Amino acid sequence: MEVVPSGETSDFLSSDPSVTLSAPRTQQGVKMKIAVIGQSLFGQEVYKELRKDGHTIVGVFTIPDKDGKADLLATEAEKDGVAVFKFPRWRVKGQAIPEVVAQYKATGAELNVLPFCSQFIPMEVIDHPKHGSIIYHPSLLPRHRGASAINWTLIHGDKKGGFTVFWADDGLDTGPILLQRECDVEPNDTVNTIYKRFLFPEGVKGTVEAVRLIAEGRAPRIIQPQEGATYECIQKKDNSKIDWNQSAEALHNWIRGNDKVPGAWAEVDGQKVTFYGSSLVDNGTAAKGQPLEIPGASRPGIVTKAGLVLFGNDGKALLVKNLQFEDGKMIAAAQYFSSGSSAAVELTEEEKTFAEQMRAVWQSILTNVSQIEDSTDFFKSGAASMDVVRLVEEVKLQASNCQLQNEDVYMNTTFQDFIQLCVRKLRGEDDEEELIVDYVEKNVNNMTIKMPHQLFVNGEFIDAEGGKTYKTINPTDGTAICDVSLAQISDVDKAVAAAKEAFEEGEWGKMNPRDRGRLIYKLADLMEEHQEELATIEAIDSGAVYTLALKTHVGMSIQTFRYFAGWCDKIQGSTIPINQARPNRNLTFTKKEPIGVCAIVIPWNYPLMMLAWKTAACLAAGNTVVLKPAQVTPLTALKFAELAARAGLPKGVINILPGSGALVGQRLSDHPDVRKLGFTGSTEIGKHIMKSCAVSNVKKVSLELGGKSPLIIFSDCDMDKAVRMGMSSVFFNKGENCIAAGRLFVEDAIHDQFVKKVVEEVKKMKIGDPLDRSTDHGPQNHKAHLDKLVEYCQAGVKEGATLVCGGKQVQRPGFFFDPTVFTDVQDHMYIAKEESFGPIMIISKFKSDEVDDVLRRANATEYGLASGVFTRDISKALYVSERLNAGTVFVNTYNKTDVAAPFGGFKQSGFGKDLGKKE
């Protein structure tokens, strides 16, 4: 049997005896007279697409009006002036009704198309047209024949699903296959999700494509094999009761296979309760909550903050999000024991006006109801799923900051409950799903810090695939802080999918820019509330001195989010005069739009600040983010994720994946759904990332890479300031600073004096615990980096540079390294050319009359991130700064970055800018 592969159409060869071409063969492009027999939004969309293809719809045969409301297919056809027939039935006692058949035959249809039809159509109608009849069926026939095909695809746990367009015969879904399309079934798919993602949009396209093949005379007739054929009964409420004597996976499949219609149910506390929103969970036995006895279950369920945990007879667990009672009331499963406890809020005059606007909307939807009372039930009054979509959209039109989900309507079915929900959302008082965090708690720095340690994906903290973890180390003493989840490739794919969905389908992508800015401001406020905790986590995880972490690592991060929050509603395009403007008044304008999913890979020297520099701009522009923190410093990024969730950023907007660069970073570089990648790190890795981004999908890239920043100190400088700032340029943040002065050029007239003063100050520096407020110099970030610094200094000594002080590990627990000073460094030496990324000052002399020569030496590097000059001569300062090849030139200062000033480098220090206004 030959079948058209998913996403393709092809000619079929007649060499297979089970394949024949439909006859008679028509000329390519011939348009046909078509009768559309069916109903629903699916039927409406097929009808519209067939008309677009140029076919003539000679009649639409659909169901009678329900509660005074016409079916969507009928409404669309009547608008176009197409004949619409609403027969209650086509047959009586198995015999076709002659009058009905006569009215059908009078249309002169050449083909019947049944996109979704709930009525029995007699064979006198099926066989009448020249080209016969084709039917859309939502399964891969011959599997799952029958009316509940989608349900059974999920109930059986099929890994593949799809649809079939087949030629109707006198059997039940047994006719020859014309076309099939296949899709993957996701582990937590429901009838609704697989229908919306694939069966509906691709089904419409597939049905129209089938008609096109018939018109071109290329439509196959593939006899259905008997092998693998199944037929299952129609799923109704009375046969969807849950059998608890099954595995957790089987229970999950049963619940999701009946979600939303008809709904899997069980008896709980003496009443029928229907279960919705099932997903499998890894460790249900560790769930904390209140037990709920369920008759027949292998053990009691547990009502947790995340929902209702249920157990199969294999001891494994699943989680159910929502429950519905016999009276139609739906609640979040987490609220089972408190569902009746919330008191009604009293409406303000403005809110009463909104309520009346909503009452008018309900009236326009429920046309069969004479008056909308507070007790009017949306669904008991005849509303259907499409009415839910309309109601949600109507609310957005009336109040853009009231973002409802379809689920909200199902859980608040009466008008009074619906208004209460809307008002609470408008006030920001609605009960958000509580964030569940498995904290690691430590009493340190006179406070209790609470640290998330799992991956953060789609608004939830989750374990990595396979439960893989690693230990993050405190550089102060070399001990483990905690186990952290180690992301795998599948976790990256989950995070990117969540970010993509949040961007394309979620409320983030639809949000007003000003509202987006409000959320980012709220995030900055929460970071400020937790600034001492964030700084403490940064100190123990990265070795940053606490006071510096508080001011710079955390303080500048907060400033960055506030700065970019202000940009959200100021991202504007432009209008452009064009030669072709007249006589037709043509207009050209540009519009700046978000890119989509942005991947961010950050280093370990400023874990939170690097996150802020890159993430804030992405969010302000409306993008979503998947961020990989450095493997050795993941904890502030995970704490940030918690705060972002508590600030109200929607699920999927921010995703944090601790893990290795070779695995997580590489997958982000290669992933086809990532549209931009921002990276800060080494030049070597930056080149590799740039190549991967180009080969994968030509994604945009911004790179902030290595540096060997020169600092030129002239003899006419302010000596005390030059010494103070020169030390800061090297020893700031233990030298783990991308713009650190990698080489100092000191004019020979003051060289010895400068070195003497520097050494005196170095000896005053206190090396010790970063949480001690008097500490000047904390531990290096991790052991491997410490070892490289030792090797770096050994290379300098071996090549003949003078080691004035330092150059060795401090003899104490942890990863401490002595602040180091080298002099007599010649241009050819390794330490003159390569970055140490540590507290190592490299000093070279230059003569007073060799300004151009020292500029040549300063620029003789492939890097160009930063530079500096100290002189009292403004002309000299301007002359030197104009000729230094670096993204930033500091004059009589150093390390003075600001959120409003663009930051980035030249040459092999990368390209693209962080911070500042983006043109």
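Residue numbers start at 1 and run along the sequence shown. In this text, all values refer to a predicted model and were calculated from it rather than measured experimentally.
Ser728 and Asn895 form a side-chain donor-acceptor contact under 3.5 Å, judged by distance and modelled atom types alone. Side-chain N/O atoms of Thr871 and Asn892 include no donor and acceptor closer than 3.5 Å. With 3.5 Å as the limit, one finds a donor-acceptor pair spanning the side chains of His553 and Asn733. Side-chain polar atoms of Gln908 and Lys687 form a donor-acceptor pair below 3.5 angstrom. Side-chain contact of Gln666 with Ser692: a donor-acceptor pair under 3.5 Å is present, judged by distance alone.
Evaluation of the side-chain contact (heavy atoms from CB on, under 4.5 Å) rule for Arg514 yields Asn512, Asp569 as partners, not counting sequence neighbours. Shown here are the side-chain contact (heavy atoms from CB on, under 4.5 Å) partners of Ala858, two or more places apart in sequence or in another chain: Pro710, Ile712, Phe745, Leu884. The side-chain contact (heavy atoms from CB on, under 4.5 Å) check on Lys766 picks up Asp772, Ser774, Thr775, Asp776, with sequence neighbours excluded. Considering only residues two or more places apart in sequence or on other chains, Asp853 meets the salt bridge (Lys or Arg N to Asp or Glu O under 4.0 Å) condition with Arg856. Applying the side-chain contact (heavy atoms from CB on, under 4.5 Å) rule to Leu803 yields the partners Val797, Thr820, Phe822; only residues at least two apart in sequence or on another chain are considered. Residues meeting the salt bridge (Lys or Arg N to Asp or Glu O under 4.0 Å) test with Lys876, sequence neighbours left out: Asp716.
Between the side chain of Gln531 and the main chain of Val554, no donor-acceptor pair closer than 3.5 Å is present. Looking only at distances, a side-chain donor or acceptor of Asn655 sits under 3.5 Å from a matching main-chain atom of Val625. At least one donor-acceptor pair under 3.5 Å links the side chain of Lys699 to the backbone N or O of Ser669. For the pair Lys734 (side chain) and Pro779 (backbone), a donor-acceptor distance under 3.5 Å is present. Looking at Asn885, its side chain never comes within 3.5 Å of a backbone N or O of Gly864 through a donor-acceptor pair. The main-chain N or O of Phe589 is never found under 3.5 Å from a side-chain atom of Ser574 such that the two would form a donor-acceptor pair. For Arg883 (side chain) and Ser881 (main-chain N/O), no donor-acceptor pair under 3.5 Å exists by modelled atom type. With hydrogens and angles disregarded, a donor-acceptor distance shorter than 3.5 Å links the side chain of Lys570 to the backbone of Gly566. Side-chain atoms of Ser709 do not come within 3.5 Å of backbone N or O of Ala741 as any donor-acceptor pair. Panel note: side chain Asn623, backbone Ile595; a donor-acceptor pair is recorded below 3.5 Å.
The residues Lys847 and Asp748 are annotated as not salt-bridged, no charged nitrogen and carboxylate oxygen being separated by less than 4.0 angstrom. Using a 4.0 Å cut-off between a side-chain N of Lys or Arg and a carboxylate O of Asp or Glu, Asp827 and Arg743 qualify as a salt bridge. Salt bridge Glu593/Lys591: present, at least one basic N to carboxylate O contact under 4.0 Å.
Nearest heavy atoms, Ala637 versus Leu627: CB-CD2, 4.4 Å. Across Ser542 and Pro475, no two heavy atoms sit closer than the pair C-CG, 3.8 Å. Leu657 and Pro629 get closest at one heavy-atom pair: O-CD, 3.6 Å. In terms of heavy-atom proximity, Lys907 sits nearest to Tyr863 at CE-O, 3.2 Å. When all heavy atoms are compared, the tightest approach of Ala641 to Ile656 is CB-CG1, 3.7 Å. Between Ala612 and Phe561, the shortest heavy-atom contact is CB-CE1, 3.5 Å.
The environment of Glu799 atom CD is dense: over 12 non-hydrogen atoms of other residues, nucleotides or ligands sit within 6.0 angstrom. More than 12 non-hydrogen atoms from other residues, nucleotides or ligands lie less than 6.0 angstrom from CE of Met829.
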Trace of the side-chain hydrogen bond (donor to acceptor under 3.5 Å, both in side chains) decision for Tyr563 with Asp898: CA-CA 10 Å; Tyr563 174 80; Asp898 187 86; over 6 Å; no

Stepwise side-chain contact (heavy atoms from CB on, under 4.5 Å) test for Leu534 and Leu608: CA-CA 9 Å; Leu534 285 165; Leu608 186 63; 4.2 Å; yes

Trace of the side-chain contact (heavy atoms from CB on, under 4.5 Å) decision for Leu703 with Met690: CA-CA 8 Å; Leu703 303 172; Met690 189 174 175; 4.1 Å; yes

Evaluation steps, side-chain hydrogen bond (donor to acceptor under 3.5 Å, both in side chains), between Lys614 and Ser702: CA-CA 10 Å; Lys614 296 189 183 297; Ser702 60; 4.9 Å; no

Chi angles and distances behind the side-chain contact (heavy atoms from CB on, under 4.5 Å) call for Leu668, Val492: CA-CA 7 Å; Leu668 288 171; Val492 179; 3.6 Å; yes

Worked check of side-chain contact (heavy atoms from CB on, under 4.5 Å) between Leu635 and Thr472: CA-CA 9 Å; Leu635 295 180; Thr472 186; 3.9 Å; yes

Salt bridge (Lys or Arg N to Asp or Glu O under 4.0 Å) between Lys783 and Asp787, intermediate numbers included: CA-CA 6 Å; Lys783 181 66 164 60; Asp787 294 341; 2.9 Å; yes

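By the 30° and 60° cut-offs, the orientation of the rings of His785 relative to His782 is tilted.
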Quiz: residues 788-796 side-chain donor-acceptor pairs under 3.5 angstrom, not counting sequence neighbours:
{"unit_1": "Tyr792", "atom_1": "OH", "unit_2": "Lys708", "atom_2": "NZ", "d": "3.2"}
{"unit_1": "Tyr792", "atom_1": "OH", "unit_2": "Ile831", "atom_2": "O", "d": "3.0"}
{"unit_1": "Tyr792", "atom_1": "OH", "unit_2": "Glu834", "atom_2": "O", "d": "2.7"}

Donor-acceptor contacts under 3.5 Å from residues 597-607 side chains, at least two apart:
{"unit_1": "Asn605", "atom_1": "ND2", "unit_2": "Glu736", "atom_2": "O", "d": "3.4"}
{"unit_1": "Tyr606", "atom_1": "OH", "unit_2": "Asn737", "atom_2": "OD1", "d": "3.3"}

Show me the donor-acceptor pairs within less than 3.5 Å that the side chains of residues 545-552 make with the rest of the protein, sequence neighbours left out.
none

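Between Leu744 and Val730 there is a side-chain heavy-atom pair separated by less than 4.5 Å. A heavy-atom distance below 4.5 Å is not found between the side chains of Cys618 and Phe564.
Within the structure, every pair that satisfies the ring-ring contact (aromatic ring centres under 6.0 Å, His included) test and touches residues 886-914, not counting sequence neighbours, is listed here: Trp613-Phe903, Phe890-Tyr894. Within the structure, salt bridge (charged side-chain N to carboxylate O under 4.0 Å, His left out) pairs that include any residue of residues 556-566 comprise Asp525-Arg562, Glu528-Arg562 (at least two apart or interchain). Here ring-ring contact (aromatic ring centres under 6.0 Å, His included) pairs that include residues 680-714, with residues two or more places apart or in two chains, are Phe714-Phe846.
In this structure, SG on Cys717 lies 12.5 Å from CE on Met725, to the nearest 0.5 angstrom. From Phe640, atom CZ reaches atom CG of Leu523 across 5.0 Å, with rounding to the nearest 0.5 Å.
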